[in-house]
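To keep things clear, I will list the structure first and then write my remarks on it.
Source: prediction; values computed, not measured. Within every chain, numbering begins at 1; the chains are lettered A, B, ... in the order of the sequence lines, protein sequences first and strands thereafter.
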There are 4 protein chains.
Amino acid sequence: MVRPRFARLPPAQQQAILRAALDEFATHGFHDASLNRVIDAAGISKGSMYYYFDDKADLFAHVARVEFERLLADVGPVARPSEPGPDAFWSTVERFYRDALTRLAAHPRVASLARTWLGASENPALQRAQLELEATVMPWLERVLVLGRSSGAVRTDLPSDLLIAVAIGMGRAMDTWLLSRPPDDTAPPPTGALVGMLRRALEPQT
Amino acid sequence: MVRPRFARLPPAQQQAILRAALDEFATHGFHDASLNRVIDAAGISKGSMYYYFDDKADLFAHVARVEFERLLADVGPVARPSEPGPDAFWSTVERFYRDALTRLAAHPRVASLARTWLGASENPALQRAQLELEATVMPWLERVLVLGRSSGAVRTDLPSDLLIAVAIGMGRAMDTWLLSRPPDDTAPPPTGALVGMLRRALEPQT
Amino acid sequence: MVRPRFARLPPAQQQAILRAALDEFATHGFHDASLNRVIDAAGISKGSMYYYFDDKADLFAHVARVEFERLLADVGPVARPSEPGPDAFWSTVERFYRDALTRLAAHPRVASLARTWLGASENPALQRAQLELEATVMPWLERVLVLGRSSGAVRTDLPSDLLIAVAIGMGRAMDTWLLSRPPDDTAPPPTGALVGMLRRALEPQT
Amino acid sequence: MVRPRFARLPPAQQQAILRAALDEFATHGFHDASLNRVIDAAGISKGSMYYYFDDKADLFAHVARVEFERLLADVGPVARPSEPGPDAFWSTVERFYRDALTRLAAHPRVASLARTWLGASENPALQRAQLELEATVMPWLERVLVLGRSSGAVRTDLPSDLLIAVAIGMGRAMDTWLLSRPPDDTAPPPTGALVGMLRRALEPQT
DNA sequence: TATGAATGAGCTTTCATTCAT
DNA sequence: TATGAATGAAAGCTCATTCAT
C-alpha cells in the first residue's frame, strides 16, 4: 500500500513520480518496466522510491488507480437516464463509451495501462495489484449494471459477474480492433455499432 | 522462424523439446519462462536451442502453433451445416465451442498457452510471435465467418475483422469467467447462453 | 556508549526499546537484525534511536549487558561455599550452572543473545560491542576464579585468563551439544558430568 | 554443490578464484563478504561465478573444504601410536595439535575461515554450508576418538558427540586465548598444558 | 551439426546513517 | 529533545544470448 509519506510530498514531486511511472509502465508493461528508469526520470533516489512504495507492484497499483479514477471522474458517472426505458439507458451507455474512447485516445498511456491491467499475469505481486485495481473499478461497473436492469435494459437471467466479464471482453476486443486500424484511418470509431452489439448480447430476450 | 534443422531432428527429440517448452510457457507465461529450465528438461544444450530456434519468442511461437493446430485438428473443422439457415449454423458453432472447451479443460497447458497468446504484450519479440500465431489461426476463423454469412447467420454490415475481434473477446471473457468460478462448481459451462450472446451480437439485424 | 539521554527516558519507554531490540537480535542475530524493525516495534522514530545510541552495535551492547546483568542478579552470586575445600566449591559451581541453565531455558531470547555474543565476528562494530560486554562479565568470572583458588579447587599454574577462556569454551560446547539433542529428549542435562569435566581440566594437578 | 564445470577450469583460474574467495571470507567473515569483490579480485564475471557455484554459501563451503582438507593432509593423520597406552596417544595428539597450530599460524586466513566455520549463524544458507563442512571433518575426529578409546585414553561413559563437542569447544577457547595474547609475545603456545587440560577432561575416571 | 562455457547488463530490494527542521 | 524524510551504496542473483571449438 502506498505509504502516507507519498501523499505528504509536494504535489509537483508526486506528479513527477507518477508521470515517470506511467510512462514506464505504459511503454514496457509491468514486468519489463524498470524501476531504475523510473527513478532516473523522476529524479529521485532508489531509496526514496522504496520509502514511498512497498515495491514495484505497489507503485503500479497506485499509478493505475490514480489514472483510472481520474478518467472516471473526467468522464463523469453513468447518470441515471432522464427517461425510463432501455433506449435511454443504452443511449447513455453509448455516450459514455464514446466519451471514454475519446479520452483514452487522448491519453494513450492510460489506455496502455488499462491493457496491462486486463492482461493475465502469473506474477503474484502483479496479481495483487490487479486485484486491488479490480476492487476500484468493479463497484462502478456493478452500479451501471443495476441501473441497466432497473431500466429493463439488461437481462436478469444470467449472473451479473458473467455479464460484466462479457462486457469487459467486448470492450477489450473493440479496443484491440480500434488499435489495429491503420493510423491514418480518421473515420470516427463506430461506437453505435459496437454498443449495439453489446446491447444485443446483454439485453433481455424477447 | 523455426529453422528447418529442427524439423530434421528425430521426432522423439522434437517431442521432448516441444513438451518441455509447453510445460514451461504454460506454467510461467512468456517472460517468466526460463530457457535454462527448458533445455534442462529437454536434455539438450543451450547451443542446440539457438541452433534450432532464433530466440525465445521463436520457440514460443512454434510450440504454440503446433499445439493450436493439433487442437483444431482434434476438434475438426466447423463443418458446413447439413441444413441451411442460421439455426443450423449456430448449432454447429455451439457444438464446436463445447468440444473445444472440453478439450481445453483436458489440456490445461494448452489453455494456459492460449491465454498467454491472447494477453497483450509490450514485448516486441513476443508481439512478433503473436502475429505469427495470428496468421495461423485467422484464416481458420475467417472460413467460419464466411460459412456463417453464407448461411445468413452472420451480419454483413460490419467488417469481418471487427466481428472476429468481438468473437475472440467474448471467448476470452467467457474463459475468464469460467476460470473464476469456484473449483468445486461442477455445473457444466452454460455454453448455450454463451453462444447465445455471441449469436445475438453477430447475427444480422432485423 | 549509551547516551545518558536514554537513562533519562521514562522507564516504560526504555523497556519498550530494550524489549524490541532483544526480540530482534535474538531472532536474527546481529548483522541480520534490522534497526527499522526495532524502531517500528518500539514505536520510536529513527532519529530518536540515533539520539539514544551511537549505532547498531551500541544498541546491541546495551541490550545484552542489561539482560546479562539481570540474569546474573537472578541467579545470584557464586557464594563463598559454607565449607572449605574443593568439593564444596565445585558443588557450588554445579548448583550455579544448573540454575543458570534453567533460567536460560526459560528465557530463550537471552540464550540466543549469549550465543551471538560468544560467536566470533569480523564486524568491527560488533567486536567493539563484544569487548564492552566482556568488560561486564569478566570481573564476575574472575571473582569466581579467585574463590576457587582460595578453596584450593582451581589450579594456579596457568594464567587466569586462559582458564576463563577454557571454561567459556567448554560452556559453549556444552550449550551447543545440549541444543543439538533432539527436542523430545526430556532427560535433564547431565550437569554433573559436564561440571566434572570442567573440574578435571581446571583443578590442580596432583 | 560446486558444479563440475569448476573442476574443469584450468588450475590457474581455479586457484585465482579460490584465493580471492579465501581472502574475502577470511577478511570479512561470511555475511560481510562481498561476491562483487571476489569476482573483481578473481577477474571473472558475475555470471561465471554463478555458473560455477550455486550461491555464496556454496562458494564458502567449497573454499573452506579445500583449505581444511589441505590442512589435514599437510599435518597428516593422527597416526596409531607406536606404543600402546594412554600416554602414547596423548603424545600423538599433542604433537598433532602443535603441528596444526603451527600451520594455522602460518596461514592466518585459513585460521580465520575456521573461526567463521565454528561461529554460530542464523543464516540458513551458511548453516547449510557449515553442515557440509562438518560432514567433512567429523569423520576424521571420530576416527581419532576411536583410536583414543582403543588405547584406553578416552572415557567411554559419555557419548562421543559430547566429547567431540567439548574438544572442539576447548580448541576454540585456546585459539581465542592465543589470539588475545599481545602480538609481541613470542613465547611458544603452551600446548602441553592445553592438551593436558583436554586429556584430564576426556580421560577415563579413576 | 552440436556444444557449453562465458558473459555483463540488468534486476529488485535492504539498510544504517545523516541532517534539516 | 525529537523527528522522519532522504539517501546511495551495496547486495545477491538471473537471464537470454554469443561464440569458439
Side-chain angles (χ1 to χ4, degrees), chain A residues 3-6 8-10 13 31-39 43-59 123 125, chain B residues 3 5-6 8-9 13 31-40 44-59 123 125, chain C residues 3 5-6 8-9 13 31-40 44-59 123 125, chain D residues 3-6 8-10 13 31-39 43-59 123 125:
Chain A
R3 300 230 165 75
R5 300 147 173 173
F6 182 71
R8 260 178 260 131
L9 281 183
Q13 192 153 0
H31 196 122
D32 289 344
S34 155
L35 282 191
N36 284 330
R37 281 190 294 252
V38 174
I39 64 170
I44 62 170
S45 71
K46 201 173 295 197
S48 296
M49 180 59 91
Y50 280 88
Y51 189 59
Y52 301 138
F53 298 95
D54 283 338
D55 54 19
K56 195 186 182 183
D58 190 27
L59 173 62
N123 182 324
Chain B
R3 301 233 166 74
R5 301 151 174 175
F6 182 70
R8 260 180 261 130
L9 277 183
Q13 193 154 359
H31 190 118
D32 288 346
S34 157
L35 280 192
N36 285 327
R37 281 190 293 254
V38 174
I39 63 167
D40 281 355
I44 62 168
S45 72
K46 191 86 74 99
S48 297
M49 180 61 90
Y50 279 88
Y51 187 62
Y52 301 136
F53 297 96
D54 283 339
D55 54 19
K56 193 185 182 181
D58 189 27
L59 174 62
N123 182 323
Chain C
R3 300 232 166 75
R5 302 150 173 176
F6 181 69
R8 259 180 261 131
L9 278 182
Q13 193 154 358
H31 190 117
D32 287 347
S34 157
L35 280 191
N36 285 329
R37 281 190 294 254
V38 174
I39 63 168
D40 281 355
I44 63 168
S45 71
K46 191 87 73 102
S48 297
M49 180 60 91
Y50 279 87
Y51 188 62
Y52 302 137
F53 297 96
D54 283 339
D55 54 17
K56 195 186 182 181
D58 190 27
L59 174 63
N123 183 323
Chain D
R3 300 230 165 76
R5 302 146 171 172
F6 182 71
R8 260 179 260 130
L9 280 182
Q13 193 153 357
H31 195 122
D32 289 344
S34 156
L35 281 191
N36 285 330
R37 280 192 294 252
V38 173
I39 63 171
I44 63 170
S45 71
K46 199 174 296 196
S48 296
M49 180 59 92
Y50 281 89
Y51 188 60
Y52 301 137
F53 298 96
D54 281 339
D55 54 19
K56 195 185 182 184
D58 190 27
L59 174 62
N123 182 326

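- Both A:S48 and D:K56 lie close to DNA chain F; mapped to their nearest nucleotides by heavy-atom distance, the more 5′-ward contact belongs to A:S48.
- For A:S34, the side-chain hydrogen bond (donor to acceptor under 3.5 Å, both in side chains) criterion is met by no residue, not counting sequence neighbours.
- With rounding to whole Å, A:Y50 atom OH is found 17 Å from E:dA16 atom P.
- Between E:dG8 and D:K46, no contact under 4.0 Å exists linking OP1 or OP2 to a side-chain N or O.
- What separates CG of D:D32 from P of E:dC15 is a distance of 13 Å, to the nearest Å.
- Shown are B:M49, B:K46, B:K56; of these, the side chain to side chain contact (heavy atoms under 4.5 Å, CB included) with B:V38 is made only by B:M49.
- By the 4.0 Å N-to-carboxylate-O rule, D:D54 lies close enough to D:R3 to be salt-bridged with it.
- At least one donor-acceptor pair closer than 3.5 Å links the side chain of C:S45 to the backbone N or O of C:S48.
- Comparing D:P10 and B:R8 by the nucleotide of DNA chain E whose heavy atom lies nearest to each, the residue mapping closer to the 5' end is B:R8.
- Taking atom CD1 of A:I39 as the reference point, atom C1' of E:dG10 lies 13 Å away to the nearest angstrom.
- Nucleotides of DNA chain F that come within less than 4.0 Å of any heavy atom of chain D span, from the 5' end to the 3' end, F:dA11 to F:dT14.
- If you check every strand for non-hydrogen atoms under 4.0 Å, D:F53 touches nothing.
- Under the side-chain hydrogen bond (donor to acceptor under 3.5 Å, both in side chains) criterion, B:R5 pairs with no residue at all, not counting sequence neighbours.
- Each of E:dT12, E:dT7, E:dA16 was ranked by its minimum atom distance to the side chain of D:Y51; first place goes to E:dT7.
- Across all strands, D:A57 comes closer than 4.0 Å to no nucleic acid atom at all (heavy-atom distances).
- Rounded to whole Å, atom P of E:dT14 lies 14 Å from atom CE of A:M49.
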Quiz item: Once Watson-Crick and G-U wobble pairs under 3.5 Å are found, how is DNA chain E written in dot-bracket notation, 5' to 3', with | for any base paired to another strand?
Solution: .||||||||||||||||||||

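- In this structure, the CG atom of D:N36 is 14 Å from the P atom of E:dG8, given to the nearest Å.
- Two residues, C:Q13 and D:D55, neighbour DNA chain F, and the one matched to the more 5' nucleotide by heavy-atom proximity is C:Q13.
- Remark: D:Y50 pairs with no residue by the ring-ring contact (aromatic ring centres under 6.0 Å, His included) rule, at least two apart or across chains.
- In terms of position on DNA chain E, the residue among D:G47 and B:L9 whose nearest nucleotide sits closer to the 5' end is B:L9.
- Residues A:D58 and A:Y52 form no side-chain contact, since every pair of their non-hydrogen atoms from C-beta on lies 4.5 Å or further apart.
- D:F6 comes within 4.0 angstrom of no nucleic acid atom, judged by non-hydrogen atoms across all strands.
- Under the side-chain hydrogen bond (donor to acceptor under 3.5 Å, both in side chains) criterion, B:D40 pairs with no residue, sequence neighbours left out.
- For the pair B:L59/B:L35, a side-chain contact is recorded, criterion being any heavy-atom separation below 4.5 Å from C-beta on.
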